[in-house]
Amino acid sequence: MLELRNITKRFPGVIANDRACLTVGAGEVHAILGENGAGKSTLMRILYGAYQPDEGAVLIDGEARQLTSQRQAIACGIGMIHQEFMLVQPMTVVENVILGLDGDIGLRLDEAAQRISALSDHHGLGIDPHARVADLPVGVQQRVEILKLLFRDARILVLDEPTAILTPQEAASLLDTLRKLALQGRAIIIVTHKLNEVMAVADRVTIMRDGQTVRSIDPAQSNEGELARLMVGRPVGRTVVRPKIQPGARILSVNGLRVLGATGGEAVCGVDLTVREGEIVGIAGVEGNGQSQLVEAITGLRRSSGGSVMMDGRNVTHATPLEHARRGLVYVPADRRYVGSIAALGIDDNAMLGRQEDFTRGWGLFRDRRRIRRHAQELVERFDVKTPHIRFPAGKLSGGNLQKVIMGREILRDPRLLVVEQPTRGLDIGAIEYMWSQLLAVRGQGKGVLLVSAELNEIRSLADRILVIHRGRFLGELTPEDADDELLGLMMAGMAAKPGTGPMPDRPRN
Ligand SMILES: Nc1ncnc2c1ncn2[C@@H]1O[C@H](COP(=O)(O)OP(=O)(O)OP(=O)(O)O)[C@@H](O)[C@H]1O
Ligand SMILES: [Mg+2]
């Protein structure tokens, strides 16, 4: 159904794809694995007509095609879900889905909405066609992207890290959906860093390294260890040791915090929380259950409507992000593209964002370029950011490499309390291993970490205490020892509460 033959794509200073080859048949789920910056997204963008290859050919049903626009790719039956969301936030679901479609379907919104509802029901996506995208949790936005492809009847579906923001149950059901779509004769290409997903869903897996497709194998003939080794070029295991630490003084205490949501209701309904020295407190939850609003209120990015935030005994409920930063509270947001970085600025300038005043000379009048450069260089080296040079614009970094820049920036600030949201989303297994060790090092220095993550393995490996959030409330506190995947996953979906620790929710979230 699809063949990519010897695709080469060069960017200034980078060979993103180097004679890459890929063959995918109808009915096949094909996984693409590779480290951050290996060239996966670039290859997919070529397939989607967003980039033209410098060399090589794209063949569909055996015929060479010049895909010079996304419109052409769609006409050839190719649909793509990008690593970062491409939805227009102020528009509704139905407007987003029909956006860019030819013909007069755009004028028949009701009909489109009906079809969307039907598709959503059929595939169990739980989407209201009239909802405004900006009001939807990221997890639901992801499903809107899938729906968009189904609406276009794509025959070749390309998904770039589609499960990064889903709970294990949601991810499993997505993989299920993908399998079903393959059974209907579609070809599915899934880029993922999750080896268990590759093992579970893929008929074949192609491994990319430095722009080249180094191997194409049947995962049934392999195992996670071998895949990891092929990808990184050395053995990796995601096991960490969390040395025992007696937690010290209380750094953060949050009492009865309330935050209003975008649509009027409460996003955070009065939560209590403490973080002490030498402690990682994990907040597990499906995105959209108030955790973002909670950390935004704690970090001063959003106003709370009730309750208090104390830092080292001082009331900082309404402190600004800058005041927080001066007290040592720093934040890594979940959205690295639009909140965590400035795309047009280089890595060097991004590396000092939020502390520009530390990088001035001449009584604060001039920027100290030399220090900025040195700092960025240190960050790039320590966090192994793959880039041609440190002035490279952040917006052109691969997803994982950008995340490393942001995590590195905040860790290098030597914070007293590090608030991180989805810190390893999109990172390859080698980078995750490293980032985890860095977070544990922060803890080891007697600092506090508030870790918000949808990644159960991450929460269980790092957190000393785990709070599960659902619809703006904590459903109870767990230790990593009693938090198995099943229980955590169910609690995150609002379907189980630890006995005696929280309210039973009325109905599961879909
Ligand atoms: N528009 C661009 N201009 C310049 N360089 C680019 C551009 N897009 C990608 N690159 C570079 O090409 C290389 C491959 O990037 P790509 O996004 O394909 O990696 P990836 O395998 O998807 O990584 P990740 O797992 O981090 O998402 C990177 O070094 C990246 O910086
Ligand atoms: Mg990518």
Side-chain angles (χ1 to χ4, degrees), residues 11-14 36-37 84 251 295-296 298-303 309 311-312 314 316 318-421 423 427 431 434-435 438-439 441-442 445-450:
F11 294 113
V14 189
N36 296 130
E84 271 90 24
I251 301 176
V295 293
E296 282 171 14
I298 291 173
T299 54
L301 287 166
R302 187 184 281 269
R303 261 195 105 74
V309 180
M311 174 108 177
D312 289 318
R314 211 186 279 256
V316 291
H318 298 296
T320 64
L322 187 60
E323 286 161 357
H324 277 305
R326 290 194 176 130
R327 291 203 178 83
L329 185 159
V330 304
Y331 173 48
V332 175
D335 184 340
R336 53 185 164 230
R337 286 275 172 214
Y338 299 108
V339 184
S341 65
I342 301 180
L345 294 184
I347 295 174
D348 48 356
D349 288 328
N350 271 286
M352 60 150 195
L353 279 186
R355 50 185 289 204
Q356 294 89 317
E357 56 189 20
D358 295 347
F359 292 92
T360 56
R361 60 187 173 84
W363 301 283
L365 288 174
F366 304 101
R367 295 203 290 168
D368 188 343
R369 274 266 147 230
R370 266 231 323 265
R371 286 231 328 275
I372 294 172
R373 256 200 322 269
R374 220 177 315 132
H375 176 69
Q377 198 62 48
E378 183 193 339
L379 187 149
V380 162
E381 277 161 25
R382 220 179 111 183
F383 289 87
D384 191 26
V385 180
K386 201 177 158 198
T387 176
H389 51 82
I390 56 164
R391 306 215 55 187
F392 195 71
K396 289 184 177 173
L397 284 171
S398 80
N401 278 299
L402 180 57
Q403 182 66 0
K404 292 182 191 174
V405 170
I406 297 167
M407 280 288 289
R409 173 179 75 208
E410 301 308 329
I411 288 176
L412 288 180
R413 283 170 91 158
D414 193 20
R416 177 150 171 76
L417 177 71
L418 178 62
V419 180
V420 287
E421 228 183 320
L427 295 187
Y434 184 69
M435 218 49 94
Q438 291 296 305
L439 287 172
V442 169
Q445 293 158 8
K447 316 283 178 50
V449 178
L450 182 60

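Predicted, not measured: the structure shown is a model, and the values here were computed from it.
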Legend entry - Q438: partners by side chain to side chain donor-acceptor pair (under 3.5 Å), with sequence neighbours left out: R382, Y434

Inset, instruction - Can you measure from CG (N401) to CZ (R336) and round to the nearest 0.5 angstrom? - result: 10.0 Å

Legend entry - Shortest non-hydrogen contact from V295 toward E421: CG2-OE1, 3.5 Å

Inset, instruction - Just jot down the side chain to side chain donor-acceptor pair (under 3.5 Å) partners of E381, sequence neighbours excluded, or say none. - result: Q377

Legend entry - salt bridge (Lys or Arg N to Asp or Glu O under 4.0 Å) pairs, two or more places apart, involving residues 318-330: R326-E357

Inset, instruction - Just jot down the ring pair (Phe, Tyr, Trp, His ring centres under 6.0 Å) partners of H375, sequence neighbours excluded, or say none. - result: F359

Legend entry - Minimum heavy-atom distance between A344 and P393, given as atom pair plus value: O-CB, 4.2 Å

Under 3.5 Å, which donor-acceptor pairs do the side chains of residues 411-420 form with other protein atoms, sequence neighbours left out?
from, atom 1, to, atom 2, distance (Å)
R413, NH1, E410, OE1, 3.1
R413, NH2, G354, O, 3.2
D414, OD1, K447, NZ, 2.6
R416, NE, D312, OD1, 3.1
R416, NE, D312, OD2, 2.7
R416, NH1, E277, OE2, 3.3
R416, NH2, E277, OE2, 3.0
R416, NH2, D312, OD1, 2.8

Inset, instruction - Could you tell me which residues satisfy side chain to side chain donor-acceptor pair (under 3.5 Å) with N350, sequence neighbours excluded, listed by chain and number? - result: none

Legend entry - Residue that, paired with P423, satisfies side-chain contact (heavy atoms from CB on, under 4.5 Å) out of V332, I406, L439: L439

Inset, instruction - Search all heavy atoms of S398 against all heavy atoms of G37 and return the closest pair with its distance. - result: OG-N, 3.4 Å

Legend entry - Spacing of CD1 belonging to I390 relative to CD belonging to E378, to within rounding of 0.5 Å: 12.0 Å

Inset, instruction - Verify the neighbour count for atom CZ of R361: are there more than 12 heavy atoms of other residues, nucleotides or ligands below 6.0 Å? - result: yes

Inset, instruction - Please name all residues satisfying ring pair (Phe, Tyr, Trp, His ring centres under 6.0 Å) with Y331, sequence neighbours left out, ordered by chain then number. - result: none

Legend entry - Residue pairs fulfilling salt bridge (Lys or Arg N to Asp or Glu O under 4.0 Å) with at least one residue in residues 384-399, sequence neighbours excluded: D210-K386, D348-R391

Legend entry - Nearest-0.5 Å distance, OG1 of residue T387 to CG of residue L402: 11.0 Å

Legend entry - With sequence neighbours excluded, residues passing ring pair (Phe, Tyr, Trp, His ring centres under 6.0 Å) with H318: none

Legend entry - Partners meeting side chain to side chain contact (heavy atoms under 4.5 Å, CB included) with D358 (sequence neighbours left out): R355

Inset, instruction - Please report the closest heavy-atom contact between G448 and I251, naming both atoms and the distance. - result: N-CD1, 3.5 Å

Inset, instruction - Quick one: list whatever passes salt bridge (charged side-chain N to carboxylate O under 4.0 Å, His left out) with R367, sequence neighbours left out. - result: D349

Legend entry - From NE2 (H389) to CD1 (I347), nearest 0.5 Å: 8.5 Å

Legend entry - From CD (Q403) to CZ (R337), nearest 0.5 Å: 10.5 Å

